[in-house]
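In what follows, a single structure is set out as structure tokens and then discussed.
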Protein chains: 2
Amino acid sequence: MARLPVYLRALHALQDRGVATVSSEELASAAGVNSAKLRKDLSHLGSYGTRGVGYEVEYLVYQISRELGLTQDWVVAIIGVGNLGRALAGYGGFASRGFRVAGLLDADERIVGQEIAGLTVGHIDRLEDVIGEHGVSIAVIATPAAAAQGVCDRVVAAGVTSVLNFAPVVLSVPEWVDVRKVDLSIELQILAFHEQRKAGGPDGVRGLNGTRAALDRAAREPVQYVEAAE
Amino acid sequence: MARLPVYLRALHALQDRGVATVSSEELASAAGVNSAKLRKDLSHLGSYGTRGVGYEVEYLVYQISRELGLTQDWVVAIIGVGNLGRALAGYGGFASRGFRVAGLLDADERIVGQEIAGLTVGHIDRLEDVIGEHGVSIAVIATPAAAAQGVCDRVVAAGVTSVLNFAPVVLSVPEWVDVRKVDLSIELQILAFHEQRKAGGPDGVRGLNGTRAALDRAAREPVQYVEAAE
DNA sequence: AAGCCTTTGTGAATACGCGCACAAAGTCGC
DNA sequence: GCGACTTTGTGCGCGTATTCACAAAGGCTT
């Protein structure tokens, strides 16, 4: 279930506040979901609650961590060390949840050799070596769109079976490989869609908040869009 | 629909290759979805296809752009200029799709005043001014978790009605405000979950690819997790 | 110890999304 | 101009997710 990590985060926050026990109602509220949904989700991994009391935070944290596979370490390689790759390398949420970044790789000679977050950026040529030596099972692709499929093919050939893709392309992979995609601009586009809806829809009245710029662009042909670089 | 931006990206790629017309089958394949689903999605915004031929790429690009509200400019402010905020500020996928970054804001005096992607980072104190002066309608929150809710409350009070949240917290907002959340570590956790499944599940056999590290950690109490910083 | 109160776990109803499969519609070749 | 072929648009059935509502279960108070 995709919601377990959210529950886990909420539970960690409760732990930090010293809360020992939590009801489904409270936890659901903290996680932003319906309480029945939360109880059903938790029941799928066993009955760890006590009726009349709630769930023991520490025990639940352990059970969810185990279910998600966070009780073991996962070895990650980040390919593409641009702005985004750098941000990912320094992201605290990885190391603290059992994800160990074993390699940073880039094709740009100016970036190779730089030290980032305690790691030296390696050359993309060493991709297969790094994957093999460290036992990388998850690859994070943060390259420009044009390079992503090629990199993906290589990491898959080297034995990686999970890919987190930040490049704005649809990767094609064998059926045994999992790909998850994070696309920064798609999220913004979805927000723009809802924002427009609030303002009356594509055919409705404009001029509300956020529409003071370029009211009449809709009447023109769209400009030539440039494919997003990294 | 959350898939429209994906279609749009695929269409732009086709446009760049000079393709004038495309069938639902081809476009669906490029977007990584079922062709029937694609046709149903497109039919929801009107019938823009020609039976026996397909869809005219340019016309479809325009229609989807209009539906998504990309035929107008959206003014964005990025709050929190750490690694991630910097990456977002330099992300080409924003400007090319009608999203204009009007302000970069941070609370750290060492960051305020720096020039990033052609903009000077302002102090968070000027948040309300920046939102008002530029007509910001979408706020991107890339602050540490602890600061996110406070920043969110302020941007909402200042009139922003759409928030893109990169901080690892569940933001609470009035019902008229849209929030979308991008959580880098959650995506990895979901991958780890599937990866573990492939290796036999939490109770199954270990030792396959990616599990050569810390096989026995599951037997120990989980370590104290540190809440993710930015 | 007994009853009340809180909270879980889950059956059942509902809503939703997905994909198949096909008829309608339009094009292209002859 | 006509028929065969291609492709769209969509009705329908199915499986999954979501929510409601309540009975079972445990703790707490008296």
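Lettering of chains follows the sequences in order, A, B, ..., and the numbering in each one begins at 1. These numbers come from the heavy atoms of this one structure, side chains and all, not from hydrogens, waters or symmetry mates.
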Could you give the side-chain donor-acceptor pairs of residues 28-37 of chain A under 3.5 Å, partners two or more places apart or in another chain?
from: A:Asn34; atom 1: OD1; to: A:Ala36; atom 2: N; distance (Å): 2.7
from: A:Asn34; atom 1: OD1; to: A:Lys37; atom 2: N; distance (Å): 3.4

Given atom [atom1] of [X] and atom [atom2] of [N], what is their separation to the nearest angstrom?
{"X": "B:Leu45", "N": "D:dT8", "atom1": "CG", "atom2": "C1'", "value": "14 Å"}
{"X": "B:Glu56", "N": "C:dG26", "atom1": "CD", "atom2": "P", "value": "16 Å"}
{"X": "B:Lys40", "N": "C:dG17", "atom1": "NZ", "atom2": "P", "value": "11 Å"}
{"X": "B:Tyr48", "N": "C:dG26", "atom1": "OH", "atom2": "P", "value": "17 Å"}
{"X": "B:Leu60", "N": "D:dT7", "atom1": "CG", "atom2": "C1'", "value": "15 Å"}
{"X": "A:His44", "N": "C:dT10", "atom1": "NE2", "atom2": "P", "value": "9 Å"}
{"X": "B:Asp41", "N": "C:dG17", "atom1": "CG", "atom2": "P", "value": "10 Å"}
{"X": "B:Leu38", "N": "D:dT8", "atom1": "CG", "atom2": "P", "value": "9 Å"}

Taking the side chain of [X] as heavy atoms from C-beta outward, which of [options] is closest to it?
{"X": "B:Ser24", "options": "D:dT8, D:dT10, C:dT27", "answer": "D:dT8"}
{"X": "B:Lys37", "options": "D:dT8, C:dC18, D:dG11", "answer": "C:dC18"}
{"X": "A:Asn34", "options": "D:dC20, C:dT10, D:dT7", "answer": "D:dC20"}
{"X": "A:Arg51", "options": "C:dA21, C:dC18, C:dT8", "answer": "C:dT8"}
{"X": "A:Val53", "options": "C:dC18, D:dG27, C:dT8", "answer": "D:dG27"}
{"X": "B:Arg39", "options": "C:dG26, D:dT8, D:dT18", "answer": "D:dT8"}
{"X": "B:Tyr55", "options": "C:dT7, D:dG26, D:dT8", "answer": "D:dT8"}

Salt bridge (charged side-chain N to carboxylate O under 4.0 Å, His left out) between B:Arg3 and B:Asp41, worked out = CA-CA 8 Å; B:Arg3 285 184 297 267; B:Asp41 287 345; 2.8 Å; yes

Of all the heavy-atom pairs spanning [X] and [Y], show the shortest one and how long it is.
{"X": "A:Leu88", "Y": "A:Ala142", "answer": "CD1-CB, 4.2 Å"}
{"X": "A:Cys152", "Y": "A:Leu171", "answer": "SG-CD1, 3.9 Å"}
{"X": "B:Leu4", "Y": "B:Ile64", "answer": "O-CG2, 3.9 Å"}

Any donor-acceptor N or O pair under 3.5 Å, side chains A:Glu195, B:Ser162 |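 Note: A:Glu195 and B:Ser162 side chains meet the donor-acceptor criterion.
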
Paired stems touching DNA chain D, three or more consecutive Watson-Crick or G-U pairs with both distances under 3.5 Å?
->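 The stems are C:1-30 with D:1-30.
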
Would you mind reporting whether A:Phe166 and B:Leu184 have side-chain heavy atoms less than 4.5 Å apart?
->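 When only atoms from C-beta onward are counted, A:Phe166 and B:Leu184 do touch, with a gap below 4.5 Å.
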
Which residue lies toward the 5' end of DNA chain D, A:Met1 or A:Gly52, if each is placed at its nearest nucleotide?
->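 Result of the comparison: A:Met1.
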
